[in-house]
Enquirer: 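Could you have a look at this structure, given as structure tokens, before my questions?
It should be emphasised that the depicted structure is a prediction, and the values quoted were computed from it without experimental measurement. For the numbers below, each heavy atom of this structure counts, side chains included, while hydrogens, waters and symmetry mates do not.
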Amino acid sequence: DHIRAQRLAAGLSEAVPFLHIAQEVQTNMFYFDLEHNQWNASRLVEAWADKGILASAVGGKAIRLVTHWQVDDAAVQTVIDETRRILASA
């Protein structure tokens with residue numbers, strides 16, 4: 001699970017330059033900050049929920065993502081692709 005969390009964090013960082021991973025990913029859970037003038041954490045979490053992606057907003061800019069045994073490589077790629085689409089429409 002932590003390996004997929006690392007892949008997800010790396011993929012999000014590469015795909016979306018204004019997402020900043022808060023610290024090195026060492027477990028299946030990680031946080032990142034959303035540094036965008038039109039998006040805040042709650043708005044992105046809501047947009048993800050519309051796509052079936054679950055996450056938690058932690059304050060105005062921070063988001064927590066958790067992977068688990070049911071999150072496979074395809075799901076990781078889906079989160080990256082959907083995030084790119086969602087934020088490109090801003």
Side-chain angles (χ1 to χ4, degrees):
D1 296 339
H2 68 282
I3 292 171
R4 286 197 174 104
Q6 290 169 344
R7 288 182 191 152
L8 180 56
L12 287 172
S13 292
E14 290 173 21
V16 186
F18 47 84
L19 297 180
H20 304 284
I21 305 303
Q23 59 189 5
E24 182 181 349
V25 178
Q26 296 181 350
T27 68
N28 68 322
M29 177 178 65
F30 68 96
Y31 294 84
F32 67 87
D33 292 326
L34 178 63
E35 300 289 338
H36 194 277
N37 60 358
Q38 295 179 11
W39 286 83
N40 62 29
S42 295
R43 184 174 175 201
L44 180 55
V45 167
E46 288 175 15
W48 273 339
D50 290 342
K51 303 292 185 182
I53 301 166
L54 303 179
S56 300
V58 185
K61 295 182 179 182
I63 296 175
R64 181 182 76 145
L65 285 168
V66 180
T67 58
H68 55 80
W69 66 273
Q70 292 175 312
V71 176
D72 60 13
D73 291 335
V76 167
Q77 190 61 49
T78 296
V79 173
I80 295 165
D81 294 343
E82 289 297 335
T83 303
R84 187 180 292 122
R85 279 190 210 77
I86 289 166
L87 295 175
S89 69

Enquirer: Can you measure from CD (Glu82) to CG (Leu44) and round to the nearest 0.5 angstrom?
Expert: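 If I round to the nearest 0.5 Å, the distance is 11.5 Å.
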Enquirer: Taking side chain to side chain contact (heavy atoms under 4.5 Å, CB included) as the test, write out the residues that go with Ile21, two or more places apart.
Expert: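 Side chain to side chain contact (heavy atoms under 4.5 Å, CB included) list for Ile21, sorted by chain: Ala9, Ser13, Val25, Phe30, Phe32.
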Enquirer: Look up atom CD1 in Ile3 and atom CG in Leu8, then write down how far apart they are to the nearest 0.5 Å.
Expert: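 One finds 13.5 Å between CD1 of Ile3 and CG of Leu8.
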Enquirer: Show every side chain to side chain donor-acceptor pair (under 3.5 Å) that has at least one partner inside residues 62-71, sequence neighbours left out.
Expert: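 Pairs touching residues 62-71 that pass the test: none.
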Enquirer: Provide the full list of side chain to side chain donor-acceptor pair (under 3.5 Å) pairs with a residue in residues 22-33, sequence neighbours left out, each pair given once.
Expert: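 As it turns out, there is no side chain to side chain donor-acceptor pair (under 3.5 Å) pair with a partner in residues 22-33 once direct neighbours are skipped.
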Enquirer: Can you find a pair of side-chain heavy atoms, one from Arg7 and one from Ile80, that are under 4.5 Å apart?
Expert: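 Side chain of Arg7 against side chain of Ile80, heavy atoms only: no contact under 4.5 Å found.
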Enquirer: Tell me the closest heavy-atom pair linking Ala15 and Arg84, and the distance in Å.
Expert: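 Smallest heavy-atom distance, with atoms named: CB-NH2, 3.1 Å.
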Enquirer: With hydrophobic residues grouped by side-chain heavy-atom distances under 4.5 Å, do Leu19 and Val66 end up in a single group?
Expert: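 Each belongs to a different hydrophobic cluster.
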Enquirer: Output every pair passing ring-ring contact (aromatic ring centres under 6.0 Å, His included) with a member in residues 2-25, not counting sequence neighbours, ordered by first then second residue.
Expert: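 Residue pairs with at least one partner in residues 2-25: Phe18-His36.
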Enquirer: Show every donor-acceptor pair shorter than 3.5 Å between a side-chain atom in residues 46-58 and any protein atom, with sequence neighbours excluded, or say none if there are none.
Expert:
from  : atom 1 : to    : atom 2 : distance (Å)
Trp48 : NE1    : Thr83 : OG1    : 2.8

Enquirer: Please check if the side chain of Arg4 supplies one atom and the backbone of Ala75 the other of a donor-acceptor pair under 3.5 Å.
Expert: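 Not confirmed, Arg4 side chain does not pair with Ala75 backbone.
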Enquirer: State, with a plain yes or no, whether a side-chain heavy atom of Val71 is found less than 4.5 Å away from one of Asp1.
Expert: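 In short, these two side chains do not touch, never coming nearer than 4.5 Å.
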Enquirer: I'd like to check the side chain to side chain donor-acceptor pair (under 3.5 Å) partners of Asn40; sequence neighbours left out, ordered by chain and number.
Expert: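 With neighbours one apart ignored, the set is empty.
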